[in-house]
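To start, the structure under review is shown below, and the notes come after it.
Every chain is numbered from 1, with letters handed out A, B, ... down the list of sequences.
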Amino acid sequence: MIAEVIVDVAAYPIDRPFDYLVPEALESVIEPGTRVKVPFGPRKVLGYVTMLKDESELALGKIKPIDELIDLDPVISSELLELSRWLAVETLSYEIDALQVMLPAAMRAKYEKFIIVEEPERIEDADFKAFLAGRKRIQLKEVDSAELMKMLKKYVSEGIVTVDTAVGQQTAVKKVRMIRMADEVTLQTLLDSSHSNAKKQAELLRWMLEYAGKTISAKQLMEQSGIQPAVLKTVIERGAAFEELAEVYREPDAPQLKDTAIPEILTDEQQIALDHIATSEDNQKAETFLLHGVTGSGKTEVYLRAIKRVLDKGKEAIVLVPEISLTPQMTSRFKERFGSLVAVMHSALSAGEKYDEWRKIKRGEVKVVIGARSAIFAPFENIGIIILDEEHESTYKQDDTPRYHARDVAIKRAEYYNCPVILGSATPSLESYARASKGVYTMLTLTKRPKDQALPTVTVVDMREELKTGNRSMFSLPLAEAVRIRLEKREQIVLFLNKRGFSSFVLCRDCGTVVECPNCDISLTYHRAHEQLKCHYCGHEERVPLVCPECKSEHIRFFGTGTQKAQEEIAKLFPTARVLRMDVDTTRQKGSHERLLRQFSEGQADILLGTQMIAKGLDFPNITLVGVLAADTTLHLADFRAAEKTFQLMTQVSGRAGRHELPGEVFIQTYSPEHYAIELAKAQHYEPFYTMEMAARRQYGYPPFYFVTLVQFTHEDLLKVADFAEKGARYLKQNLSAGTVVIGPTASAISRVNNRYRYQCLIKYKKEPKLTETLQQLIKYYRTDWIKSGLIMTVDVEPASIY
DNA sequence: AGCACGCCGACT
DNA sequence: GTCGGCGTGCTC
């Protein structure tokens with residue numbers, strides 16, 4: 001028997017299956033999807049069995065046998081194996097990367113080298129003998145001196161010592177020591193025969209008698225009996241109990257098994273949506289739905305009901321949410337409804353905890369997984385529904401290899417299982433909305449909020465006018481007044497500051513110099529906490545300069561409107577207001593996110609001030625005012641999705657106000673009130689925005705009218721990168737169809753990051769049968785040749801952004 | 001990728 | 001003479 005193996009080596013010429021001989025002893029256990037340890041050249045590596053066959057094209061002498069089978073059961077099902085092949089092709093990535101991304105990081109390969117002493121009697125050097133100290137198997141990393149290394153090499157060449165590689169995974173299954181007590185008769189006999197001095201032993205034996213034949217963890221036993229480990233050890237040696245190891249799960253938080261919450265009554269629209277999904281599911285159709293519901297229209301309740309039906313039929317459900325909204329508020333709703341059948345996969349879990357959640361899914365102990373992007377690869381084998389909440393979020397696209405989009409993977413998996421996919425959003429991506437309009441997806445619409453609460457009233461404030469009247473603060477007069485009223489009425493306020501591309505920077509008022517990163521072409525961001533300037537692209541940090549680095553002027557100060565600055569200004573304008581600030585700085589600590597939200601929900605603060613992370617999922621009854629301090633910041637990004645992102649953000653933030661009994665009000669401050677993304681966000685109607693934006697996309701040839709692929713080149717040398725980008729562009733232009741447009745090469749919007757210059761080409765196409773083939777060839781040139789001169793080239797099919 | 005092999009310069 | 005520099009080539 002021959003096994004085709006994808007080996008754990010991410011390199012261009014290795015990106016294909018290698019044939020290995022299956023030892024007879026493994027023939028009955030080995031399966032596609034299991035991991036193996038195989039010899040590869042002079043070393044040992046981990047690999048994934050992708051196929052078993054009877055014959056190989058290769059001469060028998062060239063085929064090496066598999067060293068070791070790592071898994072008894074496949075870790076990758078045949079469905080996921082097939083999916084990984086598809087993923088590798090679609091995203092132009094290595095098959096090994098496509099396989100690895102499906103498993104928790106804990107299962108990545110770990111290699112440990114050991115030196116094995118074969119003939120200890122032939123070791124002569126005293127130093128080496130001393131180092132060995134009689135041991136036969138020692139970790140190679142213990143050899144730390146050059147002298148020992150030299151001797152080791154000599155012994156290896158003489159065959160006296162060999163080097164062996166142990167192949168395993170990063171994090172092991174957690175095991176605890178369990179103690180199984182002997183039967184009553186044995187214990188009694190031992191007790192009777194105990195030495196009269198051994199009081200503690202007798203005490204333990206008497207304790208054990210009460211639990212004869214039972215099993216308990218060693219830790220618990222010692223806690224409950226109050227006995228020292230040494231006593232336990234002796235008693236075990238005398239045969240009073242047996243030790244065994246039991247697999248356990250790491251428990252991230254105490255399992256909360258609340259009673260099933262009473263579901264809300266559905267609105268007519270919700271019921272219609274649910275019926276559609278149910279019918280499709282009953283008919284085993286792989287149908288994709290776009291659930292377009294205004295903020296607060298109860299999309300989650302539709303999800304929960306649809307999942308309930310699926311579970312009742314014995315099938316499983318995957319729910320994807322953006323990491324940022326994977327809050328306790330969100331997950332507890334699922335846990336309340338489905339109890340311990342839910343696994344939560346979020347980034348705050350440790351590698352071991354994620355691994356354990358994965359194992360629960362794999363073993364079928366849970367039926368619902370709720371998680372961020374990578375949860376789309378949950379190892380279920382009978383999926384009944386896949387849901388992507390906030391489907392327009394760019395976090396569903398992975399920005400390093402394999403550069404997949406969770407939406408595409410969801411649709412692919414749903415095709416396999418013939419089950420529905422629900423894409424939910426108040427502000428769908430243009431791509432999805434266009435597909436739904438064309439009938440590729442099925443459109444489901446929720447226009448009303450369940451208790452018929454009115455949408456908040458939105459006021460756009462022209463900050464240029466404010467400036468003219470001499471108001472130079474971050475707060476326009478109307479917003480300041482609205483805040484004051486809420487503070488008086490003791491209602492809560494959310495203030496949103498979109499930091500992206502508009503954070504505080506340091507500027508010299510005499511010569512206009514902005515302090516920039518020495519490695520990147522981007523201004524440094526001011527951080528008050530440590531009086532430091534930081535680069536958000538390469539991590540560079542420096543002290544805030546006292547004088548201008550250019551003109552030596554002392555008139556250098558920070559500008560812009562970071563959340564810290566905003567907080568100071570609030571303190572000045574509204575000295576009585578209690579403010580909670582929520583941004584990357586205040587939520588770095590584990591659990592601080594939840595803590596801040598809890599404080600706010602308990603009314604411990606009047607104002608919640610924050611960035612992106614407060615735009616979603618917040619649902620507190622007392623919020624009646626939302627203020628957007630600067631709406632323009634995403635508007636002027638060098639990206640074709642800038643308007644779309646701004647519109648989505650404005651709509652999402654506005655949706656935080658007036659979700660319950662009290663009516664809501666929203667103020668959007670901007671320097672470009674006439675921009676259609678702002679104007680239409682004010683109207684809070686998606687369709688007019690969609691129409692406008694589609695016209696713009698059509699005019700400039702962007703998605704959804706064209707597909708886009710981004711090829712980016714970076715190099716330390718500006719001339720070289722321009723040269724290679726030119727070469728690449730020429731190749732693409734020559735080899736792609738006439739209808740395809742290749743833009744560039746052009747310098748990227750951030751033209752230098754980490755001392756590497758960046759150039760890019762944009763490929764725009766409606767239908768390009770030669771795309772994959774051409775890109776593969778381009779990658780081949782790069783991998784086999786260009787890479788040697790220090791170039792890095794990346795290909796991103798349908799990128800989330802293009803700067 | 002990572003490891004061995006191989007062919008030329010500065011050391012005991 | 002040998003140690004070691006990193007160019008080249010291969011991995012079932």
Side-chain angles (χ1 to χ4, degrees), chain A residues 1-24 26-27 30-70 81 85 88 92-101 105 108-116 125 139-141 143 145-159 161-170 400-402 779-795:
Chain A
M1 194 192 264
I2 304 290
E4 286 193 3
V5 174
I6 297 287
V7 131
D8 173 39
V9 178
Y12 185 72
I14 314 302
D15 188 32
R16 62 190 177 84
F18 285 79
D19 286 358
Y20 285 89
L21 208 61
V22 180
E24 226 166 287
L26 296 181
E27 281 194 1
I30 197 164
E31 278 182 73
T34 50
R35 293 173 299 169
V36 286
K37 175 185 169 187
V38 290
F40 192 66
R43 59 200 167 124
K44 299 283 181 359
V45 294
L46 182 137
Y48 294 81
V49 176
T50 55
M51 198 194 282
L52 293 169
K53 53 190 185 184
D54 291 325
E55 281 173 42
S56 170
E57 321 255 289
L58 259 85
L60 211 65
K62 286 202 84 178
I63 307 177
K64 294 182 185 173
I66 289 169
D67 243 37
E68 199 180 289
L69 183 63
I70 294 174
L81 215 46
R85 225 162 287 142
L92 296 140
S93 49
Y94 297 135
E95 231 174 288
I96 186 67
D97 285 339
L99 284 165
Q100 308 254 49
V101 79
R108 296 272 159 89
K110 184 176 159 191
Y111 301 103
E112 268 182 307
K113 286 184 174 177
F114 289 92
I115 59 180
I116 316 261
D125 301 88
Q139 282 210 354
L140 182 64
K141 65 180 181 198
V143 182
S145 75
E147 290 74 44
L148 284 173
M149 199 46 128
K150 214 167 146 184
M151 291 178 219
L152 177 64
K153 273 191 182 161
K154 192 186 74 192
Y155 290 129
V156 168
S157 68
E158 289 168 356
V161 169
T162 53
V163 175
D164 176 53
T165 309
V167 176
Q169 60 180 43
Q170 292 289 330
D400 42 45
T401 58
I779 290 170
K780 189 177 176 183
Y781 286 136
Y782 160 63
R783 287 284 173 193
T784 53
D785 189 19
W786 303 354
I787 197 169
K788 288 179 201 145
S789 47
L791 178 82
I792 293 176
M793 185 185 90
T794 57
V795 176

Scan residues 9-21 of chain A against DNA chain B and write down, sorted by residue number, each residue with any heavy atom closer than 4.0 Å; if none is found, say none. Val9(A), Ala10(A), Ala11(A), Ile14(A)
What range of DNA chain B does chain A touch, first nucleotide to last, counting atoms under 4.0 Å from its heavy atoms? dA1(B) to dA4(B)
Once you apply a heavy-atom cut-off of 4.0 Å, does Ile63(A) come out as touching a base, just sugar-phosphate, or nothing? sugar-phosphate
CD1/Ile115(A) to OH/Tyr155(A) distance, rounded to the nearest 0.5 angstrom? 11.0 Å
I need the Asp164(A) CG to Leu140(A) CG distance, nearest 0.5 Å. 11.0 Å
What contact category does Lys113(A) fall into here, base, sugar-phosphate, or nothing, at under 4.0 angstrom with non-hydrogen atoms? sugar-phosphate
Check the angle between the aromatic planes of Trp786(A) and Tyr781(A) and answer parallel, tilted or perpendicular using the 30° and 60° thresholds. parallel
Any side-chain N or O of Lys64(A) below 4.0 angstrom from OP1/OP2 of dC12(C)? yes
To the nearest Å, how far apart are Asp67(A) CG and dC12(C) C1'? 13 Å
Can you run down the salt bridge (charged side-chain N to carboxylate O under 4.0 Å, His left out) pairs that involve residues 46-57 of chain A, sequence neighbours left out, and say none if there aren't any? Glu4(A)-Lys53(A), Asp19(A)-Lys53(A)
Taking atom P of dC3(C) as reference, at what distance in whole Å does atom NZ of Lys150(A) sit? 7 Å
Rounded distance in Å - CD1 (Ile6(A)) to C1' (dT11(C)): 14 Å
